[in-house]
Amino acid sequence: MLDKKYNHHDVEFDKYQFWLDNDLFKAGDMSKEPFCVVIPPPNITGKLHLGHAWDTTLQDMIIRYKKMDGYDTLWVPGMDHAGIATQAKIDARLRSEGFNPRDMKKSEWLARAWSWKDEYASIIRQQWAKLGLSLDYSRECFTMDENLSLAVRKVFVDLYNKGFIYRGERIINFDPIAMTALSNIEVIYKEIEGAFYYLKYMIEGTNDYLSVATTRPETLFGDTAVAVHPKDERYKHLIGKRVVLPIANKLIPIIGDEYVDMSFGTGVVKITPAHDPNDFEVGNRHHLDRVRCIKADGHMNDSALKYNGLDRFECRHQLVEDLEKHGLIIKIEKIKHAVGHSERSNAIVEPYLSKQWFVKMDELAEKALDNQNNKDNRVKFIPKRFEKIFTNWMEDIQDWCISRQLWWGHQIPAWYKEDQIYVGMEAPTEDGWVQDSDVLDTWFSSALWPFATLGWPHNLDGRYFPNNVLVTGYDIIFFWVSRMIFQSLEFTKQRPFNDVLIHGLIRDKQGLKMTKSLGNGVDPMDVIEEYGADALRFFLTTNSSPGQDLRYDEDKVTSSWNFINKLWNASRFVLMNLEGFKESDYKLDNSTIIDKWIIYKLNETIKVVRKHMDKYEFNVVGSTLYNFIWDDFCDWYIELSKTNLENQTTKSVLLYVLGNILQLLHPFTPYVTEHIYQMLPLHQKSIMISSYPTYDKSIKWDEDIEKVNIIIEIITKIRTIKQENKIGKDYFLISNLNNEIDILIKDNFDTFNKLLKTKFIESLDNSYKKIDIPFSYGTIILGYKGSDKEDEMLSNLQKERDMLLSNISRREKLLSNEGYINKAPKEIVDEERRKLEEECNKIKFIEEKLSEL
RNA sequence: GGACGAUUAGCUCAGUUGGUUAGAGCGCUACCUUGACAGGGUAGAGGUCGUAGGUUCGAAUCCUACAUCGUUCACCA
């Protein structure tokens, strides 16, 4: 027997081990059709947050649903080494222990990194277990595993040999805190306060000057020209002359280039090829020198003369003071402008000239875009609008800088000897070759995840590839989804997954993003402790529509808990009444109309649930099940069944419906459904290996089902009248009209008596006051002791009549509209006619009563 | 500036190819120690679906414009 109260701790503490012990998460039943999902590997930088809980619960639901529906499901777990992020965390820990990480031997540092990995991997696995995720741990992967590392090297080497990977000297985004290059999308532009400094660049041999506006005066030491537009009437005569670089007192040429926008600023631009990507291009066109004046760590070098060694911002400060002293500043204008920050360290990114490795993107992107026109191999985005976000990005893509100046990651398989380069799977055998010390961007390995986790390049397990669906947030479409798509197309010739289900971000109750700096993050483990994983899961999966963000709201978790508690108590009721129930007692024939009604309702629910499960519309599934369980099953069927609990069929129906409810709900709330399921008189070893309920086409609507709807209508109506007229317990109902409704009532006397807590009787003496309650198929008289309610009665009837009259006139108008009759679907028109008839019928009774009053 | 999303009850959100009386949870009102559940039950109140046009027999839903909020991409030194 179940305890009186649902206790999530008791329910959840041992189930996960039970599933593991029985190998219920293991894939490989070759007799079934495969279904595969790979987990988006969490970073080993810390604990999982609510976003992970949401993302993984969605996947678990899909997997559990498909498994119960007869598929050989494989859900591959794994984690990401997360280069920059993890290295920063490890370094921080080492510093707190008094070490300077960069003074350590690389091998010692790496040993620390691997033990960090083990530590966090084990925390993450515990969290997965708490969430109840049905991951096949025998297939767990890590991005730096041997096989994945091999895959990374192979992809690098092949892309290099095909000419898609090159090494070149470019302006890249450099993070001066993490001390590594970044790709374009790892730079976040933020609006900050800055200034436009208008500087005097004196024209050689004159007292005239050009006014040059810049936001970064400290880069002037790297200027190798100033540019004007060749058609600019103000300046074009100066092209070919020279100006004096302020403070540095160096002569640099005035050049003409169409890059300059005549209408912006002063129309004169200082050109710093080593510190600005646009200037770099201009420099190339005009064969200008590339002079670096800032070092990788953000400090000035000796080109900056007396400012050598200063931090770039300190240099700016002192330089501006000096320029002012020399009268070389015309004005300073405060502005707001977007400045690039590192996604990881939040440092202001320095455009920095250096030699890096790149993936040439144009051709790869084009193939990915073309593939979206291939009906059989296109990736289906859900919701659809995210496909456009993907294609727009791909259409406008730039080369991908993949080298990182870090220790944690896949070392680039390139070796140098003097000015020779060797790129290959293994080191060259001759002496003297030195491997590139850089590692690859984390996303370079993540991009191979869907196939590298399934054995590629050795032997890709084609049974599970392409994956059936990938589930992830819209925030990493560029970082990850798009890169998986083009890498998979390039190396497997197939899409990585058939569908990609995109969800939103978790926000706090105010709608703000959960971040460390705001301290508004919620630890899913705390929520599980307080409400249980099932309540958290139900909240996460049913409270937003696909692609929308989700606000975390503890009140809604509470209501999920309440829902589970309701299910718990309904189950308790069923089990109490099934004491001693044997397999031979189980029979569904000879059912009452009430039994038929709930089975019909259940069947319709199954149909809706399946339809929306298949479309990933879990919010619809959730509310459908919520309403069916709470309203139809608990509020009506259980109540209606109470007069009939001696009947084996009713017991069987209770068992049948509850069993189906547990199965339908299992993907959402695996723990509690497993728990109750195992207490049912007839059950299998685990609910996970039972079959997901199927829709039975042979169960059709009939008049018996309508009869129950009428019973419900009568009960509800009488309750309403009772409350509106403040009639207490002391009342009776009379029905003696010998019509259809009368027969229905006679057949279900007990039910009415029980639910209305009164008696139906044949007649009533005159000491009772009477109220006539009209239905569309007859009238019921309510008799009560107490003061006269004629006024209320009159106003009730008038109110109802007015409403009916307005409905009737609306319907008549509608049904006399030819356009409507001709164009609207027949079922809808028929339904409208039926309702009209019903209302006309009902109003007859009302008019009759009103005339009597 | 481009693109996208949101705007529906006091709050947070649904609304399934357009179907006529727009739903839920929480909150609110009144009543109820009913034999599964008071974290419950019963019955209610509460919305001219951001604004203005348009298409249609019919619009929360489709189209156009605008407004407000948000996200994102691209930004000119």
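By convention in this document, chain letters (A, B, ...) are assigned in the order of the sequence lines, proteins followed by strands, and residues within each chain are numbered from 1. Hydrogens, waters and symmetry mates are skipped; everything else that's a heavy atom, side chains included, is used.
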In the strands shown, is B:C37 matched to any nucleotide by a Watson-Crick or G-U wobble pair with both distances under 3.5 Å, and which? none
A:S544 side-chain proximity, nearest of B:A43, B:G40, B:A14: B:A14
A:W393 side chain near B:U72 phosphate (N/O to OP1/OP2, under 4.0 Å): no
Under 4.0 Å, heavy atoms only, any strand: does A:K642 hit a base, just the sugar-phosphate, or nothing? base
Check whether NZ of the Lys or CZ of the Arg A:K642 lies under 6.0 Å from the centre of the six-membered ring of A:F573 and within 45 degrees of that ring's axis. yes
Take A:E800 and A:K842, measure what salt bridge (Lys or Arg N to Asp or Glu O under 4.0 Å) needs, and give me the verdict at the end. CA-CA 10 Å; A:E800 191 157 354; A:K842 195 168 180 179; 3.3 Å; yes
At less than 4.0 Å, is any side-chain N or O atom of A:K566 found next to OP1 or OP2 of B:G41? Yes or no. yes
5'-most contact on RNA chain B: A:K823 or A:N627, nearest heavy atom basis? A:N627
If I pick the P atom on B:G23 and the same atom on B:A60, what distance separates them, to the nearest angstrom? 13 Å
Taking the C1' atom of each, how far is B:G1 from B:C75, in whole Å? 8 Å
Per-nucleotide protein contact string for nucleotides 4-10 of chain B, where B marks a base within reach and S marks sugar-phosphate only (heavy atoms under 4.0 Å, - for neither): SSS----
Nearest-Å distance once atom P is located in both B:C28 and B:G35: 25 Å
For A:W561 and B:G39, are the ring centres under 5.5 Å apart with planes inclined under 30°? yes
In terms of side-chain heavy atoms of A:N565, which of B:C75, B:G39, B:C13 is nearest? B:G39
For B:U72, give its Watson-Crick or G-U wobble partner with both distances under 3.5 Å, or none. B:G2
Selected nucleotide, minimal atom distance to A:A338 side chain, candidates B:C75, B:G19, B:C26: B:C75
Would you check if the distance from the ring center of A:Y552 to the ring center of A:F539 is below 6.0 Å? yes
Has the side chain of A:K754 got a donor or acceptor that lies under 3.5 Å from a partner of the other kind on the base of B:G35? yes
Using a 4.0 Å heavy-atom cut-off across all strands, classify A:T215 as base, sugar-phosphate, or nothing. sugar-phosphate
Under 4.0 Å, heavy atoms only, any strand: does A:K615 hit a base, just the sugar-phosphate, or nothing? sugar-phosphate
Please work out if A:L2 contacts a base, only the sugar-phosphate, or nothing of the nucleic acid, heavy-atom cut-off 4.0 Å. nothing
For the aromatic rings, using the six-membered ring if either is Trp, is the centroid distance between A:Y209 and A:Y201 under 6.0 Å? no
Is A:R216 touching bases, backbone alone, or none of the nucleic acid, heavy atoms closer than 4.0 Å? nothing
B:U29 pairs with which nucleotide, Watson-Crick or G-U wobble, both distances below 3.5 Å? B:A43
B:U72 and B:C26: how far apart are their C1' atoms, nearest whole angstrom? 33 Å
With P as the reference atom in both, quote the distance from B:U42 to B:U61 in angstrom, rounded to an integer. 35 Å
Select base, sugar-phosphate, or nothing to describe what A:E839 touches, counting heavy atoms under 4.0 Å on all strands. base
Indicate, with yes or no, if the rings of A:W561 and A:Y6 have centres closer together than 6.0 Å. yes
Between CG on residue A:N543 and NZ on residue A:K556, distance to nearest 0.5 Å: 4.5 Å
Using atom P in both nucleotides, what's the gap between B:G50 and B:G5 to the nearest angstrom? 16 Å
Could you check whether A:S809 and A:E812, counting side-chain N and O atoms only, form a donor-acceptor pair closer than 3.5 Å? no
Among the nucleotides B:A77, B:U71, B:C37, which one has an atom lying closest to any side-chain atom of A:F264? B:A77
With heavy atoms under 4.0 Å as the rule, sort A:Y626 into base, sugar-phosphate or nothing. sugar-phosphate
Describe the nucleic acid contact of A:T716 in one word from base, sugar-phosphate, nothing, applying a heavy-atom distance below 4.0 Å. sugar-phosphate
Under 3.5 Å for both donor-acceptor distances, Watson-Crick or wobble: does B:C13 have a partner, and if so which one? B:G23
Assigned partner base of B:A52, Watson-Crick or wobble definition, under 3.5 Å: B:U64
Expressed in angstrom and rounded to an integer, what is the separation of A:L755 atom CG from B:U34 atom C1'? 10 Å
Base, sugar-phosphate alone, or nothing: which one does A:D396 contact when heavy atoms must sit under 4.0 Å apart? nothing
A:N278 side chain N/O closer than 4.0 Å to the phosphate oxygens (OP1, OP2) of B:C76? yes
At 4.0 Å (heavy atoms only), tell me whether A:E191 reaches a base, stays on the sugar-phosphate, or touches nothing. base
How would you label the contact of A:T720 with the nucleic acid (heavy atoms, under 4.0 Å): base, sugar-phosphate, or nothing? sugar-phosphate
Assign A:D261 to base, sugar-phosphate, or nothing according to its heavy-atom contacts below 4.0 angstrom with the strands shown. base
From A:Y626 OH over to A:K566 NZ, what is the distance, rounded to the nearest 0.5 angstrom? 9.5 Å
Within this structure, what is the CG-to-C1' distance between A:D257 and B:A77, rounded to whole angstrom? 12 Å
Got more than 12 heavy atoms from elsewhere within 6.0 Å of CD, A:E837? no
Closer to the 5' end of RNA chain B via nearest nucleotide, is it A:I821 or A:S571? A:S571
So if I take every side-chain heavy atom of A:R551 and compare against B:G15, B:G25, B:U12, which nucleotide ends up nearest? B:U12
Interatomic distance, A:D475 CG vs B:U71 C1' [rounded to whole Å]: 11 Å
When the P atoms of B:A22 and B:G47 are compared, how many Å lie between them, rounded to an integer? 12 Å
Testing B:U16, B:U12, B:A36 for proximity to the side chain of A:K556, the answer is B:U12
Write down the distance separating the C1' atoms in B:G39 and B:U48, rounded off to the nearest Å. 37 Å
Nearest 0.5 Å, what's the CG-CG distance between A:N562 and A:L567? 12.5 Å
Checking B:C73, B:A36, B:G41 against the side chain of A:W630 (C-beta onward), the nearest is B:G41
Are A:T224 and A:T272 close enough that some pair of their side-chain heavy atoms sits under 4.5 Å apart? no
Any idea which heavy atoms bring A:P351 and A:P277 closest together, and the distance? CB-CD, 4.2 Å
Examine B:G40: is either OP1 or OP2 under 4.0 Å from a nitrogen or oxygen in the side chain of A:N562? Give yes or no. yes
Is any side-chain N or O of A:Q723 under 3.5 Å from a base N or O of B:U42, one able to act as donor and the other as acceptor? yes
Rounded to the Å, how far apart are A:I721 CD1 and B:A43 C1'? 12 Å
